[in-house]
Amino acid sequence: MIDLLTTSSSYSPLVFILPYSLTLTTVTCIPNIHSINSNMDSSLIPLVQRYSWEDNYTPSAIVDYTDEEKLTILKDFATKLISNMNDVPSEFAEILSENFWELI
Amino acid sequence: MSDVFEDFKKYLPRYLSSLSSKELFDGLKDFPENMNKRFYTDEISLDENIIYQGDGIRDLPFIVFPSTKTGNLKAVILTNTCDNDINNKRLNTSYICYSPLILLDSYKESLLKNSQQSKESVRGHIDSIKRQEATQFFYFPRGGNLENDSIIDFSLICSCTNKSIARESLRQKRLFSLSNYGFYLLLFKMSIHFCRMGENIDRR
């Protein structure tokens, strides 16, 4: 049997970054966003993107974390999650499989 | 090191407002002591005709081969949001993948009844699931229209055609949509379950 968790540290940098890549991809390909852009004068698009209010507006009552703080939070989060992960015991997995239709 | 940090910053979620970003990082900071309703978002802020990745939806058809038994179950959407959108034009038929919601209490009772392990071992396993430590499970705390703590097993997946899920009744069928925090955690665990590289095999 292959223990898939024994070398967890070797993949941590990948999983650390991957969800953000996926998230960005998901958001930018929602068709509504495409349709907004396709209906616009293309010369305006760079202006709209450059001056997005979300990039430039920070409500005074909300102070977001700095990038350094975010990096620290993500690193701590990933470390906590990955270092404690474990496989489901085979006996438990077997019980779930055999009784699946009674557990839903 | 500074170059590494500059590269890393590219992957921060710039599309979030300051409030959403703060909430996301608050959630990640408090993990795993915050498996609660912060997992879910207010559906009013989302488009009710779109199936979002991580949505809980009832009445989805399910089958586990080689058994031919079928049933309509509550399940969680695993396919990403843009692939679920029926307004996206495609040359191929699109399908939606989902994993059924399993009642955590029923699972626990089944383990206590059928397992050779001690009760303490079973309880420890359930607690571990609630801290999202079980690699192949994702834990969904009670919240939204989800009445009971539930889990999905990433290895139990079924699919149906995208068009077979009626958008007109989606509002009634949707159990929950994940918040930025819940969604991040789902993607993170999916990445580990399906994409981890530490398989200990030299493929030369």
Give the intermediate values and the outcome of side-chain contact (heavy atoms from CB on, under 4.5 Å) for residues Phe62(B) and Ile104(A). CA-CA 11 Å; Phe62(B) 200 79; Ile104(A) 50 179; over 6 Å; no

Intermediate values then yes/no, side-chain contact (heavy atoms from CB on, under 4.5 Å), Asp26(B) and Tyr65(A): CA-CA 9 Å; Asp26(B) 280 345; Tyr65(A) 295 100; 2.3 Å; yes

Could you check Leu103(A) against Leu103(B) for side-chain contact (heavy atoms from CB on, under 4.5 Å), going step by step and ending with a plain yes or no? CA-CA 6 Å; Leu103(A) 307 179; Leu103(B) 296 169; 5.7 Å; no

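Only the side chain of Phe137(B) comes within contact range of chain A, with at least one heavy atom under 4.5 Å from a heavy atom of that chain. If you measure heavy-atom distances from Lys29(B) to chain A, the contacts under 4.5 Å come from both the backbone and the side chain. There is no contact between Ile129(B) and chain A, counting heavy-atom distances below 4.5 Å. Of the atoms belonging to Thr70(B), it is backbone heavy atoms, and not side-chain ones, that fall under 4.5 Å from chain A. Of the atoms belonging to Lys89(B), not a single heavy atom falls under 4.5 Å from chain A. Heavy-atom distances place both the backbone and the side chain of Gln116(B) under 4.5 Å from chain A.
The candidate with the highest count of non-hydrogen atom pairs below 4.5 Å against chain A, out of Ser115(B), Ala134(B), Ser121(B), Pro100(B), is Ser115(B). Ranked by non-hydrogen atom pairs under 4.5 Å with chain B, the options Asn99(A), Leu81(A), Thr72(A) are led by Leu81(A). Counting heavy-atom pairs closer than 4.5 Å to chain A, the top residue among Gln132(B), His125(B), Met190(B), Gln136(B) is His125(B).
Rounded to the nearest 0.5 Å, atoms OG (Ser110(B)) and CG (Leu96(A)) are 7.5 Å apart. Atom CZ of Phe188(B) is separated from atom CD1 of Ile82(A) by 4.5 Å, given to the nearest 0.5 angstrom. Here the straight-line distance linking atom CZ of Phe100(A) with atom OG of Ser67(B) works out to 10.0 Å at 0.5 Å rounding. Here Leu28(B) contributes atom CG and Lys75(A) contributes atom NZ; the two are 15.0 Å apart, rounded to the nearest 0.5 Å. Annotation: the span from Ser97(A) atom OG to Leu156(B) atom CG amounts to 7.5 Å, rounded to 0.5 Å. In this structure, Ile102(B) CD1 and Glu102(A) CD are separated by 12.5 Å, a value rounded to the nearest 0.5 Å.
Across all their heavy atoms, Val88(A) and Tyr107(B) have their closest contact at CG1-OH, 4.1 Å. Shortest non-hydrogen contact noted between Ile192(B) and Met85(A) is CD1-SD, 3.6 Å. Of all the heavy atoms in Ser21(B) and Asp64(A), the pair that sits closest is OG-OD2, 2.7 Å. Nearest heavy atom pair, residue Phe92(A) against residue Gln117(B), reads CE2-CG, 3.6 Å.
Annotation: Glu98(A), atom CD; neighbour count of heavy atoms from other residues, nucleotides and ligands within 6.0 Å is above 12. Around CZ of Arg167(B), the count of heavy atoms belonging to other residues, nucleotides or ligands within 6.0 Å exceeds 12.
The aromatic ring centroids of Phe77(A) and Tyr181(B) lie 6.0 Å or more from each other.
Under the salt bridge (Lys or Arg N to Asp or Glu O under 4.0 Å) criterion, Asp59(B) pairs with no residue at all, not counting sequence neighbours. Looking at residues two or more places apart in sequence or on another chain, you find a salt bridge (Lys or Arg N to Asp or Glu O under 4.0 Å) between Lys130(B) and Asp149(B).
In this structure, the side chain of Lys22(B) does not engage the main chain of Val63(A) through any donor-acceptor pair within 3.5 Å.
For the residue pair Ser128(B)/Asn86(A), the side-chain donor-acceptor check at 3.5 Å is satisfied.
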